[in-house]
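Taking it in order: structure first as structure tokens, then the write-up.
It should be emphasised that the depicted structure is a prediction, and the values quoted were computed from it without experimental measurement. In this chain, numbering begins with 1 at the start of the sequence shown.
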Amino acid sequence: MASEQQMKNPLLVGRAIRAQLENEVPQDLPLERDFREDSGYTITDHVQELHKSLSKDPRTLELIAALVSHLHAFARETQLTHEEWTKAVKFLTRAGKESTEYKNEFVLLSDCMGLSALVDEINHPKPPGCTDGCEPGPFYTEDAPTVPSGSSLAKSNTQGETMYFSGTVKNLKGEGIRDATVDVWQADGDGVYDIQYPDREEPNDRGKILANPDGTFSYRGILPTAYPIPSDGPTGDLLHALGRHPHRASHIHFTVKAPGYDDLTSALYPSHSPFLGTDPVFATKKSLICQLTEERDPKRWAEMGFKEGEVHGGRVWVWQYNFVLPTVDEVAELKKIRAKKSKL
């Protein structure tokens with residue numbers, strides 16, 4: 001083990017380290033045994049022991065220990081070659097270089113490997129009977145207007161066919177939840193979000209809806225269509241290599257909040273959409289797929305709140321869904337149960 005005096009000896013330690021020693025002297029440990037494969041002490045054992053001896057943060061140690069264990073097991077299981085390792089490093093380097101404020105390749109990679117969906121399930125477990133969640137995606141904004149139930153969320157010149165959405169926000173007892181807010185955002189009939197238009201001046205196809213006291217709410221809008229995630233980077237190349245596509249099914253995003261209840265971020269999908277079974281970010285679930293109906297009676301359009309001339313295509317797509325939220329306490333209890341199982 002090197003002493004502080006040895007670390008400051010210019011015959012033993014270079015200038016860069018000596019400069020750093022003015023602020024912090026690193027802890028050094030002796031190398032007491034060799035490590036090699038097919039022995040009782042491998043590189044994995046050595047890395048884990050080193051971290052255990054030096055790390056001061058228990059959670060960081062827990063995370064890194066598990067990561068090292070699985071990474072090393074992956075290399076052994078696949079007999080990873082130098083060429084394959086170099087290719088992977090180049091892939092990750094490219095992902096970092098090509099990431100921007102609006103397209104983070106590492107987030108895309110996490111999404112397309114199913115990791116984002118898994119993290120959401122771990123952090124927001126749903127008791128049986130509650131609405132499934134998913135990640136919010138990259139197109140959420142904070143500037144959506146707060147509007148009463150029954151409002152229109154789409155500007156008059158928005159591309160797409162007319163839609164009427166109605167829903168409820170209830171608890172597991174079937175009771176309507178008071179003071180619920182339903183945050184909605186979606187693509188238009190061309191599969192484009194408002195923030196993707198260069199001439200955007202104000203929010204469109206989005207809004208924070210104040211549900212009625214009984215938990216019901218509705219809005220008038222545009223039927224969304226499918227669109228691709230960014231596929232011009234390394235994540236897109238990986239999808240292609242795996243025989244997958246970058247196209248997301250048609251959907252509407254929701255974040256539902258109410259005092260005393262666990263926040264729900266989810267998305268709903270029309271059953272007529274393509275790509276439901278091959279969603280590149282694994283956000284589709286059967287419980288979130290909805291059967292839509294077509295309303296062609298102008299009298300019903302008026303009852304929904306549409307004015308003359310607002311309905312395009314001779315029909316209104318009618319979409320209905322009942323959201324069920326767990327309480328904060330119900331989620332906390334489920335997390336405790338899962339944590340105990342994971343330790344077994």
Side-chain angles (χ1 to χ4, degrees), residues 130-134 144-145 147-170 174 176-177 180-194 203-227 248-256 264-276 279 283-325:
C130 291
T131 303
D132 287 317
C134 66
V147 298
S149 176
S151 299
S152 174
L153 301 189
K155 306 301 179 185
S156 60
N157 60 345
T158 304
Q159 177 65 33
E161 294 200 21
T162 311
M163 179 191 72
Y164 178 79
F165 188 99
S166 64
T168 61
V169 183
K170 295 183 178 181
I177 298 176
T181 301
V182 184
D183 203 342
V184 182
W185 68 104
Q186 63 169 82
D188 62 17
D190 276 335
V192 181
Y193 287 82
D194 59 347
N204 191 22
D205 289 318
R206 62 181 73 231
K208 295 181 176 68
I209 301 171
L210 301 176
N212 298 314
D214 62 354
T216 61
F217 71 96
S218 65
Y219 77 90
R220 290 170 284 125
I222 294 294
L223 184 71
T225 58
Y227 62 85
R248 295 222 57 206
S250 307
H251 60 276
I252 303 175
H253 291 279
F254 296 86
T255 290
V256 186
L264 169 69
T265 296
S266 189
L268 300 179
Y269 304 80
S271 60
H272 63 247
S273 177
F275 315 124
L276 290 171
D279 181 8
T284 54
K285 295 172 183 171
K286 292 186 70 173
S287 64
L288 302 176
I289 298 173
C290 306
Q291 296 286 340
L292 277 60
T293 60
E294 299 177 42
E295 181 56 70
R296 296 181 178 272
D297 185 353
K299 293 182 180 179
R300 287 286 296 123
W301 302 345
E303 293 173 1
M304 296 173 187
F306 292 102
K307 298 178 182 178
E308 187 174 351
E310 285 187 331
V311 175
H312 308 292
R315 61 186 173 187
V316 172
W317 291 91
V318 180
W319 195 331
Q320 197 278 334
Y321 190 82
N322 300 317
F323 294 94
V324 180
L325 305 186

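- Looking only at atom types and distance, the side chain of Thr225 has no donor-acceptor partner in the side chain of Ser250 under 3.5 Å away.
- Using a 4.5 Å heavy-atom threshold, the side chains of Pro203 and Asp194 count as touching.
- Of the N and O atoms on the side chains of Asp205 and Thr158, not one donor lies less than 3.5 Å from an acceptor on the other residue.
- Relative ring orientation between Phe165 and Phe217 is described as parallel, the plane-to-plane angle staying below 30° on a 0-90° scale split at 30° and 60°.
- The aromatic rings of Tyr193 and His253 sit tilted relative to each other, their planes meeting at an angle between 30° and 60°.
- Side chain of Ser149 to backbone of Ser218: a donor-acceptor contact under 3.5 angstrom is found.
- By the salt bridge (charged side-chain N to carboxylate O under 4.0 Å, His left out) test, Arg220 is found to be paired with Glu310, residues two or more places apart in sequence or in another chain being considered.
- Of all heavy-atom pairs between Cys134 and Ala267, the closest is SG-N, 3.5 Å.
- Inter-residue side-chain proximity for Leu292 and Cys290 is flagged as met; some heavy-atom pair is nearer than 4.5 Å.
- Scanning both residues, Trp317 and Glu161, for their nearest heavy atoms gives NE1-OE1, 2.8 Å.
- Using a 4.5 Å heavy-atom threshold, the side chains of Gln186 and Met163 count as touching.
- Using a 4.5 Å heavy-atom threshold, the side chains of Pro148 and Leu210 count as separate.
- Between Ser266 and Asp132 the shortest heavy-atom distance is OG-O, 2.7 Å.
- Here the closest non-hydrogen pair linking Glu295 and Val318 is CB-CG2, 3.8 Å.
- Contact annotation: the side chain of His272 approaches that of Leu223 to within less than 4.5 Å [non-hydrogen atoms, C-beta and beyond].
- Formation of a donor-acceptor pair under 3.5 Å by the Asn212 side chain with backbone atoms of Asp214 is not found in this model.
- A heavy-atom distance below 4.5 Å is found between the side chains of Leu268 and Phe323.
- Contact detail for Pro224 and His251: the closest heavy-atom pair is CG-O, 3.5 Å.
- Asn204 contributes a side-chain N or O that, together with a main-chain N or O of Lys155, makes up a donor-acceptor pair within less than 3.5 Å.
- No donor-acceptor pair under 3.5 Å is formed between the side chain of Thr255 and the backbone N or O of Thr265.
- Looking at heavy atoms from C-beta onward, Leu288 lies in side-chain contact with Tyr321 at the 4.5 angstrom threshold.
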**Asked** Where do Asp279 and Arg248 land on the side-chain contact (heavy atoms from CB on, under 4.5 Å) test, with the steps shown first?
**Response** CA-CA 5 Å; Asp279 181 8; Arg248 295 222 57 206; 3.0 Å; yes
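- Between Ser271 and Gln291, the closest heavy-atom pair is OG-OE1, 3.2 Å.
- The closest side-chain heavy-atom distance from Phe254 to Leu264 is not below 4.5 Å.
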**Request:** Please test Trp319 against Ile252 for side-chain contact (heavy atoms from CB on, under 4.5 Å), starting from the C-alpha separation and ending with a verdict.
**Result:** CA-CA 11 Å; Trp319 195 331; Ile252 303 175; 3.5 Å; yes
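- A distance of 11.5 Å separates OG1 of Thr131 from NZ of Lys170, quoted to the nearest 0.5 Å.
- Going from atom NE2 of His312 over to atom OG1 of Thr162 covers 5.0 Å, rounded to the nearest 0.5 Å.
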